[in-house]
Amino acid sequence: MKNASVALNAPSIAVNHADDPFGPHPAYPSSAHQSIPLAEEKLVPTHCCFCGMQCGIQLRVQGNRVVGFEPWEEFPFNRGMLCPKGVKRYLQGGHPDRLLSAYERDDQAPGGFRPLPVEKALDRVAEEIRRIQSRYGNEAFAVLSGASLTTEKAYLMGKFARVCLKTPNIDYNGRLCMVSAAAANKKAFGIDRCANPFSDILDAEVIWISGSNIAECSPILTNYIWQAREHGARVIVVDPRITPIARTCDLFLPVKPGRDVALFNGILHLMIASDHLDHDFIRNHTVGFEEVARSVAEWTPRRTAEVTGISERGIRQAAEWWGQAKTSFLLHARGIEHHSHGVENCLGAINIVLASGRIGRKGCGYGTITGQGNGQGGREHGQKCDQLPGARDISHPEHRQHVARIWGVPVDDIPGPGVDAYEIFRKIDRGEIRGLLSLCFNPVVSLPNNHFIQKMLRRLEFYVAIDFFMSETARFAHIVLPGSLHEEDEGTVTSAEGRVIRIRKAVDCPGEARQDWRLIQGIAHRLGCRKGFSFEHPREIFDELRRASAGGIADYSGITYEKIDEQMGVFWPCPNENHRGTPRLFEPGSYNPVAQGKGPFYFPDGKARFNVATYRPPAEDVDEDYPIILTSGRVVSQFLSGTQTRRIGPLLDQYPYPRIEIHPILAKKLNLQEGDWATVESRRGQCTLPVQIVQTIRPDTVFIPYHWGGQLSVNQLTIDAQDPVSKIPEFKVCAVRLRKADKPSR
Ligand SMILES: Nc1nc2c(c(=O)[nH]1)N[C@H]1C(S)=C(S)[C@@H](COP(=O)(O)OP(=O)(O)OC[C@H]3O[C@@H](n4cnc5c(=O)[nH]c(N)nc54)[C@H](O)[C@@H]3O)O[C@H]1N2
Ligand SMILES: Nc1nc2c(c(=O)[nH]1)N[C@H]1C(S)=C(S)[C@@H](COP(=O)(O)OP(=O)(O)OC[C@H]3O[C@@H](n4cnc5c(=O)[nH]c(N)nc54)[C@H](O)[C@@H]3O)O[C@H]1N2
Ligand code: SF4
Ligand SMILES: [Mo]
């Protein structure tokens, strides 16, 4: 990373305003990024701002600029390794699109906005909240928050919505992400966290990976899997695409999208038939096995093969390896979770883990691979519509009492449960929600059937967005507030393993930009809420959060910033300052406030639950009119809705625009060749993109990455069907048709 600072100058940053209706940033002085101040350099150990792996990284800082990075080799998870996004992340700070002041919608101004001092913008936000709430009621103002935020901010957002706005309607973008796994984990184990540290992968004989493109989406985890393989582990991958990790696996099962429940049930059927069961474990530590065993009787290898599209031989081989293993680790991600039966899929996965008895021991693990940077911490402390801090239940009288005490409010003042992120938009449609504040969420790109989302944003009487770039969604706002980048604030996040770690401030916010929590407190103060919203530092928020979480399932009360530094992270639960944290859940004797010594799982009897996992086809299956399955996801160099990574030149160069992955057999049928353009059409919209012919996808399925907005957005096509329990949208299956098209003139 020599010369990294050179990259700060404009040429290596993608600054393409040619077709950008927002145009160049009016407040950005053109000479500001042309020279780097000569100042002594410092290194700030922190973590990557992108995915849930939360790799350790040291930022190189000159003056008030992040100019590059150095590996942080001591951090145990990644030992200095980084993926392409981690390597290039530092480039976003100096980007000329960075919001340096607040903006107000003004149709006459270039780009549709004019700059506004932040204090004035905050005044206007508070006025509009007051106006809307006094006219239509408190519930008419909603909040959307995000899991890329630090846990401190996520906690503050939940408190701000309930205590200051007194609205039940707050939800977050993790609703699009890990909620199916979270719901299944709570049903089966009583706790929602990866059960093991990833180091347990190294001791696993069999590694089962369902619906997770590990090498592109949690790249550093690949190294754990490869190391395990070097020790002789067998790797089984289940995916409709031969992803990079699948290319090095021992058994690949090309599942037809939307059919994973059937596969897990078929595997359990064979485990029972071959008596590959841990009877002692099932008897002593679980309930519900008999009913589940009955429910999988119908899932013979033949039926499983018919439904999943996987060969009977493959299914038998997988069942044999899984059944006979002494140690194992099962991992899954959005590939099985983004479904209208996402919870069922996860329960199916958990059933084969419980039947094997391989959990809660070294080398015996299970977990969902959390996606967002703080996908874990962001789903524990109250920004979910039905949740209070410490993973408490907002409907539970004792949980409410505890949190009301910490917040210093009468318990009846805390609203009840609100609705999920998508339902918030349906409520806008029905006129029940009139105003919206969003922080760290870009729903115009990331929610399904996004024409509807745009229509709803236009319908709002008032919308304020907080971001550091003018995202596709922020363009719909009446007021845009300039928030903070990751490197501009202190705080904690919780990695996919459940390890609470520290994000360190490297630079001050530029221009008028402010730390997100200060903006939120600025609004609270204007609404007359000073008490409880006068924190001076994230550490103070964390200390309150610790107390609020005490005694809850996600107990952070024993975690301090100092302990995180000393131990290179602390795994929750951590119930007191003498406790070192809990890297591996469900071990005999480990802290468990619910079972109190009766057993390892988080239920009063200490036992895990088997749950019948019922197969249902996707909400919209293929038919004559729409005969092809569309699935969507990610590529290694882009991140989520792309607001950040589409502004980092080298990452954009690596994958500049979305392409349609299509198998040669299907391409031939449709008379398509590499480089042709095709229109993909669903019942909700259409999208014309270049074709990429690959041998690595099922011939009945096409794949499009989702990191782009406007006409390049695959979410113009996706369906808003949701899982009835978790409310996750069915991003991974809808029905489409394809036809050859001319390259559009955009
Ligand atoms: N480069 C990069 N990394 C990221 C992100 C990013 O945007 N870019 N985002 C982060 C976030 S928030 C998340 S949630 C994670 C997501 O990480 P992943 O879940 O690994 O990524 P996806 O691409 O959404 O989907 C994973 C795989 O599911 C497969 N799939 C599709 N349908 C099915 C199905 O029905 N069954 C099965 N078994 N598989 C199916 C797809 O082919 C794909 O390979 O990545 C995190 N890391
Ligand atoms: N078709 C399809 N759609 C999908 C998916 C899919 O696989 N297929 N995956 C879904 C998944 S798993 C996810 S997680 C969602 C993600 O969807 P979103 O959450 O909407 O995507 P992000 O890009 O994280 O949007 C966050 C916004 O907040 C800003 N931001 C990031 N960090 C901060 C911060 O610290 N402070 C402030 N103020 N702003 C910040 C970013 O610039 C960005 O504009 O997308 C979902 N959408
Ligand atoms: S694996 Fe994730 S956390 Fe690590 S460098 Fe890549 S994007 Fe960042
Ligand atoms: Mo995600």
Side-chain angles (χ1 to χ4, degrees), residues 47-57 77-78 81-87 89 146-150 153 172-178 209-214 216-221 237-241 243 246 253 255-260 263 332-339 345 369-373 375 438-448 465-469 471-474 481-486 489 495 516 519 618 629 631-645 697 701 703-707 713-715 717-718 728-729 731-733:
H47 295 271
C48 176
C49 59
F50 294 127
C51 86
M53 298 299 106
Q54 285 302 297
C55 295
I57 185 172
F77 168 70
N78 63 311
M81 287 179 288
L82 295 165
C83 85
K85 291 183 300 303
V87 166
R89 64 157 274 180
S148 297
L149 298 170
T150 58
K153 295 185 208 178
Y172 80 130
N173 61 10
R175 185 66 57 195
L176 321 181
C177 196
M178 294 91 21
I209 302 165
S210 270
S212 171
N213 180 1
I214 291 195
E216 295 201 74
C217 298
S218 30
I220 303 305
L221 198 56
V237 173
V238 189
D239 202 296
R241 302 187 304 142
T243 54
L253 306 180
V255 70
K256 187 170 172 184
R259 274 75 182 173
D260 294 83
L263 176 63
H332 56 77
R334 305 312 83 75
I336 73 163
E337 299 163 25
H338 277 160
H339 294 277
N345 277 347
I369 307 174
T370 288
Q372 295 150 299
S438 75
L439 167 63
C440 191
F441 201 155
N442 191 9
V444 163
V445 178
S446 58
L447 278 175
I466 310 179
D467 208 306
F468 37 71
F469 290 128
S471 72
E472 288 78 0
T473 306
L481 295 171
S484 48
L485 275 176
H486 208 251
D489 206 353
S495 78
D516 299 317
L519 293 170
I629 300 173
T631 192
S632 61
R634 301 157 159 76
V635 294
V636 67
S637 63
Q638 292 296 322
F639 192 67
L640 300 181
S641 68
T643 39
Q644 296 168 267
T645 44
I697 188 163
T701 303
F703 171 87
I704 303 176
Y706 90 99
H707 313 284
S713 171
V714 70
N715 278 327
L717 314 175
T718 45
I728 208 166
F731 289 122
K732 291 295 188 266
V733 189

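As the structure lists them, so they are numbered: ligands from 1, and atoms in each ligand from 1. Bear in mind that the values here come from a model prediction, so they are computed numbers and not experimental data.
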- prompt: ligand 1 versus Thr243, non-hydrogen atoms closer than 4.0 Å: side chain, backbone, both, neither?
  reply: side chain
message: Closer than 4.0 Å to some heavy atom of Ser471 - which atoms of ligand 2 meet that?
response: 44 (O)
- request: Look at atom 2 (Fe) of ligand 3 and say which protein heavy atom is nearest, naming residue and atom and giving the distance to 0.1 Å.
  value: Cys51 SG, 2.3 Å
task: Please verify whether a non-hydrogen atom of Ile214 lies at under 4.0 Å from ligand 1.
output: no
- request: May I ask you to identify the nearest protein heavy atom to atom 32 (N) of ligand 1, giving residue, atom name and distance to one decimal place in Å?
  value: Thr631 OG1, 3.3 Å
message: If you take the nearest heavy atom of each of Gly633, Pro705, Gly211, which one is closest to atom 26 (C) of ligand 1?
response: Gly211
query: Is there a heavy atom in Phe639 that sits closer than 4.0 Å to ligand 1?
result: yes
message: Counting non-hydrogen protein atoms only, what is the nearest one to atom 38 (N) of ligand 1? Give residue, atom name and distance.
response: Asp260 OD2, 2.9 Å
- request: Please find out if atom 4 (Fe) of ligand 3 and some N, O or S atom of Cys55 are separated by less than 2.8 Å.
  value: yes
Per atom 3 (N) of ligand 1, closest listed option by heavy atom (Ser637, Cys217, Ser446): Cys217
field: Atoms of ligand 2, numbered as shown, that sit under 4.0 Å from any heavy atom of Asn442
entry: 18 (P), 20 (O), 25 (O), 44 (O)
- prompt: Who gets closest to atom 1 (N) of ligand 1 by heavy atom: Thr701, Leu221, Leu640, Val635?
  reply: Val635
- prompt: Is any N or O atom of Asn173, backbone or side chain, closer than 3.5 Å to an N or O atom of ligand 2?
  reply: yes
- prompt: With a 4.0 Å cut-off on heavy atoms, does His339 reach ligand 1?
  reply: yes
- request: Identify, for atom 25 (O) of ligand 1, the protein heavy atom at the shortest distance, and state residue, atom and that distance.
  value: Lys732 CE, 3.4 Å
- request: May I ask you to check if ligand 2 and Ser641 share an N or O to N or O distance below 3.5 Å?
  value: yes
query: Using a heavy-atom cut-off of under 4.0 Å, does the side chain or the backbone of Arg89 touch ligand 3, or both, or neither?
result: neither
message: Can you tell me if Pro219 contacts ligand 3 (heavy atom of the residue under 4.0 Å from the ligand)?
response: yes
task: Determine yes or no for a side-chain-to-main-chain donor-acceptor pair under 3.5 angstrom, with Ser484 supplying the side chain and Asp516 the backbone.
output: yes
- prompt: For atom 41 (C) of ligand 1, what's the nearest protein heavy atom and its distance?
  reply: Asp239 OD1, 3.4 Å
query: Are Met178 and ligand 1 in contact, using a heavy-atom cut-off of under 4.0 Å?
result: no
task: Verify side chain to side chain donor-acceptor pair (under 3.5 Å) between Gln372 and Ser148, making sure each step is shown before the conclusion.
output: CA-CA 6 Å; Gln372 295 150 299; Ser148 297; 5.1 Å; no
message: If I apply the N/O under 3.5 Å rule, does Gln644 come out as touching ligand 2?
response: no
task: Compare Leu149, Leu485, Thr643 and give the one whose heavy atom is closest to atom 43 (C) of ligand 2.
output: Thr643
Nearest-neighbour protein heavy atom for atom 35 (O) of ligand 1, which is reported as residue plus atom name and distance: Gly258 N, 2.7 Å
Side-chain donor or acceptor of Arg259 paired with backbone N/O of Pro257 under 3.5 Å: yes
field: Numbering as shown, the atoms of ligand 2 that approach Asp516 to under 4.0 Å (heavy-atom distance)
entry: 34 (C), 35 (O), 36 (N), 37 (C), 38 (N)
- request: Could you tell me whether some N/O pair between Gln372 and ligand 2 is separated by less than 3.5 angstrom?
  value: no
query: Considering only heavy atoms of Cys177, which atoms of ligand 2 have at least one such atom less than 4.0 Å away?
result: 12 (S), 14 (S)
task: Mark up the atoms of ligand 2 that fall under 4.0 Å of a heavy atom belonging to Ser484, in ascending order.
output: 34 (C), 35 (O), 36 (N)
Winner among Gly642, Gly371, Ser212 once heavy atoms are compared against atom 15 (C) of ligand 1: Gly371
task: Return the minimal non-hydrogen interatomic distance between Pro448 and Pro729, and the atom names on each side.
output: CG-CB, 3.6 Å
message: Give me the residue, atom name and distance of the protein heavy atom closest to atom 6 (Fe) of ligand 3.
response: Cys83 SG, 2.3 Å
query: Please state which protein non-hydrogen atom is closest to atom 28 (O) of ligand 1 and give its distance, to 0.1 Å?
result: Gly335 CA, 3.2 Å
- prompt: Nearest to atom 30 (N) of ligand 2 by heavy atom, Tyr172, Phe50, Phe468: which?
  reply: Phe468
- prompt: ligand 2 versus Leu439, non-hydrogen atoms closer than 4.0 Å: side chain, backbone, both, neither?
  reply: side chain
message: Show me which atoms of ligand 2 lie under 4.0 Å from any heavy atom of Ser632.
response: 1 (N), 2 (C), 7 (O), 8 (N)
- request: Give a yes or no answer on whether the side chain of Asn78 reaches the backbone of Met81 with a donor-acceptor pair at less than 3.5 Å.
  value: yes
message: Can you report which non-hydrogen protein atom sits closest to atom 8 (Fe) of ligand 3, along with the distance?
response: Cys48 SG, 2.4 Å
message: Please list the nearest protein heavy atom to atom 9 (N) of ligand 1 with its residue and the distance rounded to 0.1 Å.
response: Arg634 NE, 2.8 Å
statement: Near Val714 (heavy-atom distance under 4.0 Å), the atoms of ligand 2 are 1 (N)
message: For atom 8 (N) of ligand 1, what's the nearest protein heavy-atom neighbour? Residue, atom name and distance, please.
response: Gln638 O, 2.6 Å
field: Mode of Pro257 contact toward ligand 1 - side chain, backbone, both, neither (heavy atoms, under 4.0 Å)
entry: both
- request: Would you confirm whether Thr370, through its side chain, and Gly375, through its main-chain N or O, come within 3.5 Å as a donor-acceptor pair?
  value: no
- prompt: What do we get for Asp467 next to ligand 2 when only non-hydrogen atoms under 4.0 Å count, side chain, backbone, both or neither?
  reply: both
query: Using 30° and 60° as the class limits, which term best fits the ring planes of His338 and Phe731: parallel, tilted or perpendicular?
result: perpendicular
- prompt: Heavy atoms, side chains only, cut-off 4.5 Å: are Arg634 and Leu640 in contact?
  reply: yes
- prompt: Looking at ligand 1, does Arg259 have a heavy atom less than 4.0 Å from it?
  reply: no
- request: Closest by any non-hydrogen atom to atom 18 (P) of ligand 1: pick that one out of Ala333, Pro240, Pro618.
  value: Ala333
query: Do Glu337 and Lys732 come close enough that some side-chain heavy atom pair is under 4.5 Å?
result: no
